[in-house]
Every structure is written in C-alpha cells, then in structure tokens.
Q: 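To start, I am sharing the structure in question, which I have written as structure tokens.
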Amino acid sequence: MRPECQSCPVRRDGLCASASDAQLIALGNIKHPLWHVQAGGCVFAEGDASDMVFIIRRGWAVASAFHENGRRQVLRFAMPGSMVGFETTADDCMPCTMEAVTDLTVCPIPRPSLMRFCQFAPELALRMASLLAAETIVDWRLLGGLGTCNATERIARLLLALCQRQSHAFDTCEEEFALPITQTLIADATGLTPVHVCRTLKEMRAAGLLSFLKGRLRVMDWSRLAKLAELTETWAPDPPFLLPRPPPAHEACSEGTWRKMTDWGTRSAHNR
C-alpha cells in the first residue's frame, strides 16, 4: 500500500472507506501522485478536457460557473473527502471551474481506470454514488433557496450546510467550525452582493447567532439559526452509504482477482 494511502486523512470518510487493504493496494496502482495546489490556484477550468477524478485530501475548493452577464455563480464547496471532476459535459469537458480556496492537496485518479476498477469492486461504486448523491442533495437545497429565501435565510442555509458537512450531524455538540471563505464567495453562492452579505452578517452577529474569528465560525444558537433558515434536523441528508469492509475470508477468495487488478494497475502506471 502506498504511504500516502496509509496516512490519508480522509481514509475513513472518503471514497476508500469501504475498500479493503487489497483493494487499496490495487487502487494505489492506478492513481497518480498527489497534486498540491496553492490557494487561488485552479484544479481544472470550465471547458477543459480532463479525464481525472480528484479526491480532496486537505483544504477547501469551490466550484463555480460564469453567466453570460459575467457574474459568477458558486455551485458548491468541496471539503476533505469530497470527490470532484467526475461529472463531464456531453463532449467530455469540465462543466465548471474548480479553484482552491485554501492550499489544497488532491488525489488524482484517471476516470477510465476508476470506472474499470469499479467493475471489480461494486461496493466502491456504491460508495462513490452515495457520496455524489449526498452532496447533490445539499446543493439542490441551497440552489433552490435562491428563488424562495430572503438574504438572511440564504446565508443561514449556507452556513448551516457547511457546518453540517463538517460534523455529519445536526445535533452536534461542536460549536466552532472552519470557514475559510470570503464574503465575496458567500455572495456568489447566495446570489447577493458582497455589501448585502456584510450587512446581513453584522445583523446576525448582533443578534447573538454566530461569530467569526480567523477563518472560524462559531455558532452561538443552533436552534435559532435553524429556525431562521426554516430548516430542521430532517433536512440534513443521511451520511453516505458505507458497506462493511470485506472479511478476511472474502479477501482470500478474491485474492486472484485483486492480484489481477494490481498487475493491471502496475502496467498502467508504467505505460503513463
């Protein structure tokens, strides 16, 4: 197993959470070396032809697209464990731009190789579908609120969603969360102007709902913030589906299959 796979900070929460050690070895042979992207750098741009899928190991990224009038719409925020770059347009181009909000470390995996790998590991395919579905549900809720919520409700929904994704539970005992995004990014995600966002956040702080300090968000009153956003604990999607790791006996039965996958991945690495 590759050293970076053994020490991966999202090993338990990301795509590989359902993978056995044998599967991780095979997967390590098809992935590329880690990418390190500085804050403000681009992982991929809208219209790029890319055959890579990326798993966020460290840092935050933002996906966005530009409207014809030149305004940017933030589509989603990617955090450690998120998988990005899987979706493509009909002509196999990237439908959005993915930029690093903070210094970013990503694990790149060729999309064709990953799809072939999933033929031998259906549990990994289910895990991938579950991760994408969970994030899509959150994105739908946020984008849907743009047409039905006022400024305070939009911002409250966004902040709650970002906190929930970090805690994986609405009734968390945590009160402080990472929030390394600017007011401009919040504005682009909520369809507001930066001035309107600044004014609304000041009002929310004055109301004793939250506070900010050096890239951190502290939630002072969960219930009031949720009520303001017109959300309940039932809004948060269930954690991504996770199959139990195969028992040793199953791994022994599949040893020949995974040896075949490992050999194929090694040949692919040599041919790159």
Side-chain angles (χ1 to χ4, degrees), residues 2 4-5 10 14-16 18-19 23-24 26-38 40-57 59-101 104-140 142-143 188-189 240-241 260-262 264-272:
R2 288 192 175 192
E4 63 264 30
C5 293
V10 296
L15 175 64
C16 300
S18 296
Q23 290 170 334
L24 280 178
L27 191 59
N29 285 325
I30 65 173
K31 77 181 195 65
H32 286 201
L34 298 177
W35 286 17
H36 301 283
V37 184
Q38 292 185 338
C42 186
V43 181
F44 54 79
E46 183 176 358
D48 281 355
S50 173
D51 65 349
M52 287 290 180
V53 174
F54 302 92
I55 299 174
I56 307 293
R57 281 175 54 107
W60 282 40
V62 58
S64 62
F66 282 89
H67 296 293
E68 293 182 357
N69 61 9
R71 292 196 62 180
R72 180 175 66 168
Q73 175 67 59
V74 167
L75 303 174
R76 62 180 290 210
F77 291 97
M79 303 179 187
S82 296
M83 183 169 62
V84 301
F86 183 79
E87 306 89 346
T88 61
T89 60
D91 53 355
D92 294 326
C93 292
M94 292 292 99
C96 63
T97 295
M98 185 67 65
E99 299 173 272
V101 175
L104 198 66
T105 301
V106 298
C107 177
I109 306 175
R111 190 183 299 103
S113 299
L114 179 61
M115 298 304 292
R116 287 194 294 268
F117 184 87
C118 287
Q119 295 177 9
F120 294 87
E123 64 273 19
L124 198 73
L126 286 173
R127 176 66 176 170
M128 181 168 60
S130 180
L131 286 169
L132 293 173
E135 294 202 0
T136 299
I137 291 172
V138 175
D139 297 340
W140 282 351
L142 292 175
L143 292 175
D188 290 342
F241 178 72
K260 184 188 302 182
M261 282 296 298
T262 302
W264 166 74
T266 303
R267 289 197 302 270
S268 298
H270 289 324
N271 292 335
R272 287 199 290 266

Q: Rounded to the nearest 0.5 Å, what separation is found between the CD1 atom of Ile109 and the SG atom of Cys16?
A: 6.0 Å

Q: Might you work through the side chain to side chain contact (heavy atoms under 4.5 Å, CB included) test for Ser64 and Gln73, ending with a clear yes or no?
A: CA-CA 5 Å; Ser64 62; Gln73 175 67 59; over 6 Å; no

Q: Which atom pair, heavy atoms only, marks the closest approach of Met98 to Ala61?
A: SD-CB, 3.6 Å

Q: Got a second to check how far Phe117's CZ is from Asn29's CG, nearest 0.5 Å?
A: 9.5 Å

Q: Sequence neighbours left out, what pairs pass salt bridge (Lys or Arg N to Asp or Glu O under 4.0 Å) with at least one residue falling in residues 59-72?
A: Arg72-Glu99, Arg72-Asp188

Q: If we check side chain to side chain contact (heavy atoms under 4.5 Å, CB included) with Val106, which of these qualifies: Val84, Val53, Ile56?
A: Ile56

Q: Mind checking what makes side-chain hydrogen bond (donor to acceptor under 3.5 Å, both in side chains) contact with Asp91, not counting sequence neighbours?
A: Thr89

Q: Please name all residues satisfying side-chain contact (heavy atoms from CB on, under 4.5 Å) with Val37, sequence neighbours left out, ordered by chain then number.
A: Val43, Ala100, Leu104

Q: Which atom names give the shortest non-hydrogen contact between Gly14 and Leu131, and what distance separates them?
A: C-CD1, 3.9 Å

Q: Checking Arg111 now: which residues fulfil side-chain hydrogen bond (donor to acceptor under 3.5 Å, both in side chains) with it, not counting sequence neighbours?
A: none

Q: Would you call Met52 and Pro110 a side-chain contact if the rule is heavy atoms closer than 4.5 Å?
A: yes

Q: Output all residues satisfying side-chain contact (heavy atoms from CB on, under 4.5 Å) with Asp92, sequence neighbours left out; order by chain, then residue number.
A: Thr88

Q: With rounding to the nearest 0.5 angstrom, report the CG to CD1 distance, Leu114 to Ile30.
A: 6.0 Å

Q: Could you give the distance from SG (Cys42) to CE (Met94), rounded to the nearest 0.5 Å?
A: 11.0 Å

Q: Provide the full list of salt bridge (Lys or Arg N to Asp or Glu O under 4.0 Å) pairs with a residue in residues 45-57, sequence neighbours left out, each pair given once.
A: none

Q: Just to verify, what does Ala133 make a side-chain contact (heavy atoms from CB on, under 4.5 Å) with, not counting sequence neighbours?
A: none

Q: Quick check for you: to the nearest 0.5 Å, what is the distance between His32 atom NE2 and Phe54 atom CZ?
A: 9.5 Å

Q: SG of Cys107 to CG of Leu27: how many Å apart, nearest 0.5 Å?
A: 7.0 Å

Q: Parallel, tilted or perpendicular, judged at 30° and 60°: which one describes the rings of Phe77 and Trp60?
A: tilted

Q: Decide yes or no on side chain to side chain contact (heavy atoms under 4.5 Å, CB included) for Leu15 and Leu124, but give the supporting numbers first.
A: CA-CA 7 Å; Leu15 175 64; Leu124 198 73; 4.3 Å; yes

Q: If every non-hydrogen atom of Pro80 is compared with every non-hydrogen atom of Gly59, which pair is closest and at what distance?
A: CD-O, 3.3 Å

Q: Could you list the residues that satisfy side-chain hydrogen bond (donor to acceptor under 3.5 Å, both in side chains) with Thr105, not counting sequence neighbours?
A: His36

Q: List in chain and number order the residues that pass side-chain contact (heavy atoms from CB on, under 4.5 Å) with Glu87, two or more places apart in sequence or in another chain; answer none if no residue qualifies.
A: Leu132

